[in-house]
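Read through the structure below, which is laid out as structure tokens, and then see the notes.
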Amino acid sequence: MRKPLSIIAGAVALGLVLAGCSSNTGSDPDNANQVEVFTWWASGSEKVGLDALVKVFEEQNPDAEFINASVAGGAGSNAKAALASRLEANNPPDTFQAHAGAELTDYINAGQLQDLSSFYQENGLTDVFPASLVERLTVDGAIYSVPSNIHRANVVWANTQVLTDAGIDPMAAPADLDAWIVDLKKLKAAGVETPLALGTEWTQMQLFENVLIADLGADGYSGLWTGDTAWDSAGVETAIAHYGELLEYTNSDFAGLDWDAATQIVLDGNAAYNVMGDWAESAFQQAGWTYDNEYTTWATPGTDGVFDFLADSFTLSVGAPHEAAAIDWLKTISSAEGQKAFNLAKGSIPARTDTVAADYPAYQQTAITSFGEDTVVSSLAHGAAASIAWSGDISSAIGKFGADRDAASFLSGLVAASDKAQG
Ligand code: GAL
């Protein structure tokens, strides 16, 4: 059930057209009941998550009219550019999805976000979200967005039947990347041609960040973003070698597949594994699969004890045409009820600290435990670690390596990207 490229390209083009012209979304600045919300949760399991949130919003605000300004493409791969055009044209949606961390700082520095500190105070939110998360939403003492969830990006999703058929115990996570590669080899020998499912450039970046965490450790990886770890270090070279080896076990059509199509290869039994953020949980739930039965998960080998963090958050745009309704939207997102409905459907865990773990399915319980106990690092592919410009440069170097497998040029591309971003 892979999506042909032409369909993806068509959806992208349509999304860009819609996003470029707010009248097409139905947004009317004179209608105070409307709220135009911009996300990339346009289809499939992600749309199911958004719908769950909208349902609570409409229950809490019966007169409100929700305007869905989503632009298709996982991880905002098309949405971010479409949003940039709208912001540049002074045509902002009322509120838009932005990752906590460096990516949010881009919008703050560009003066595109309103300060929500008094919203936090009025709604008692500083006590409700973890301090480390609020820090990633704050610049110079002002808080600029409201988190809807926390996702984990260092998770392997495994098809237990495919593994059992190849004589591998699905419940035993390989100790490190080398042990995992032994199993990938075993799967190939057993006739699974492409044991590791992979997708388009941002999913490659996500796999590479997992390998960096495994080879550099949490501190070494975090140092890449502060200048404490050199990009031309031996650890990064090892990571490039490991990453290159992993690519040998992937589907050759990866460049054209979004995450859902890559995850589908595991669901179809044509791959044993997919490294994916835990929005994949929603896809397994919707397929009716049971955790630790048809599928299981573990931390990407070599990253056990680390939580590779990202959070979706919602902003209040400068010049939002429907400011009061947008504030109502932010209230729903931050409410216990809104977070529960959304996260049950999305596969993520609530950002709120008053979460009752037992209310969540098995996978999310593992994520709640891990977030509470493990070392938290910032995801590269999902805006937490690096600015949009820097991660764009890294992404290009990764995409190029996927095509030419030239390790030396990959390393110099990464070093150049870091020099440009960090000076
Ligand atoms: C992430 C986002 C998630 C999920 C994923 C795939 O960047 O934070 O909520 O949507 O992309 O599209």
Side-chain angles (χ1 to χ4, degrees), residues 3 8 11-12 15 37-54 68 70-83 95-104 106-107 133 136-137 145-155 157 197-207 209-210 257-264 274-286 307-315 333 338-339 341-351 364 367 371 378-388 391-392 394-395:
K3 285 192 188 114
I8 297 177
V12 169
V37 179
F38 184 98
T39 70
W40 53 86
W41 300 326
S43 63
S45 57
E46 295 183 306
K47 170 81 164 44
V48 173
L50 178 61
D51 288 347
L53 195 50
V54 173
N68 187 345
S70 59
V71 172
S77 42
N78 307 309
K80 288 182 199 171
L83 177 66
T95 172
F96 60 85
Q97 175 186 4
H99 288 123
E103 178 185 307
L104 189 73
D106 281 346
Y107 299 114
L133 175 52
R136 288 174 154 102
L137 307 170
S145 74
V146 178
S148 53
N149 60 337
I150 291 171
H151 272 302
R152 186 180 193 192
N154 59 320
V155 186
W157 303 82
L198 188 63
T200 188
E201 206 165 281
W202 70 264
T203 76
Q204 296 157 40
M205 179 148 75
Q206 185 179 254
L207 178 60
E209 91 187 43
N210 273 263
L257 305 182
D258 209 333
W259 77 266
D260 48 351
T263 302
Q264 187 64 41
N274 181 214
V275 173
M276 189 48 61
D278 50 16
W279 41 93
E281 166 66 4
S282 172
F284 284 93
Q285 287 298 324
Q286 274 168 46
F307 188 103
D308 186 16
F309 155 96
L310 64 129
D312 295 302
S313 70
F314 282 84
T315 61
I333 287 169
Q339 296 233 328
F342 177 60
N343 286 290
L344 279 172
K346 188 70 165 50
S348 39
I349 59 174
Q364 277 132 308
F371 186 69
S378 297
S379 167
L380 163 65
H382 305 285
S387 66
I388 293 179
S391 65
I394 295 174
S395 183

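Ligands are counted one by one from 1 in listed order, and the atoms in each one are counted from 1 as well.
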task: Please say whether A75 places an N or O atom under 3.5 Å from an N or O atom belonging to ligand 1.
output: yes
field: Salt-bridge contact K346-E281 (side-chain N to carboxylate O under 4.0 Å)
entry: no
task: Would you mind listing which atoms of ligand 1 come within a distance below 4.0 Å of any non-hydrogen atom of L310?
output: 8 (O)
- prompt: Is there a donor-acceptor contact under 3.5 Å linking the side chains of S348 and R152?
  reply: no
task: Examine H99 against ligand 1 and note whether any of their N/O atoms are separated by less than 3.5 Å.
output: yes
message: Show the atoms of ligand 1 that are less than 4.0 angstrom away from any heavy atom in W40.
response: 1 (C), 2 (C), 7 (O), 10 (O), 11 (O), 12 (O)
query: Can an N or O of W41 be found at a distance shorter than 3.5 Å from an N or O of ligand 1?
result: yes
message: Less than 3.5 Å apart, any donor N or O on the side chain of D106 or S387 sitting next to an acceptor on the other?
response: no
message: Can you tell me how far apart CD1 (I388) and OG (S395) are? Round to the nearest 0.5 Å.
response: 12.5 Å
- prompt: For M276, does its backbone N or O pair with a side-chain atom of W157 as donor and acceptor, under 3.5 Å?
  reply: yes
task: For atom 8 (O) of ligand 1, find the nearest protein heavy atom and state the residue, atom name and distance (0.1 Å precision).
output: D312 OD1, 2.6 Å
task: Decide whether Q286 and S45 meet the rule of one side-chain donor and one side-chain acceptor closer than 3.5 Å.
output: no
- request: Classify the angle between the aromatic ring planes of F342 and W41 as parallel (below 30°), tilted (30 to 60°) or perpendicular (above 60°).
  value: tilted
statement: of all protein heavy atoms, closest to atom 1 (C) of ligand 1 is H382 ND1, 3.3 Å
query: Which residue and non-hydrogen atom of the protein lie closest to atom 10 (O) of ligand 1, and at what distance in Å?
result: E46 OE2, 2.4 Å
- request: State the atoms of ligand 1, each with its element, that fall below the 4.0 Å cut-off from a heavy-atom position in G74.
  value: 12 (O)
- prompt: Can you tell me the protein heavy atom closest to atom 3 (C) of ligand 1 and the distance?
  reply: K346 NZ, 3.4 Å
- request: Name all residues meeting the ring-ring contact (aromatic ring centres under 6.0 Å, His included) criterion together with H382; count only those two or more places apart in sequence or in a different chain, and write none if there are none.
  value: H99, W202, W279
Per-atom contacts, ligand 1 versus H151 - under 4.0 Å to a heavy atom: 3 (C), 9 (O)
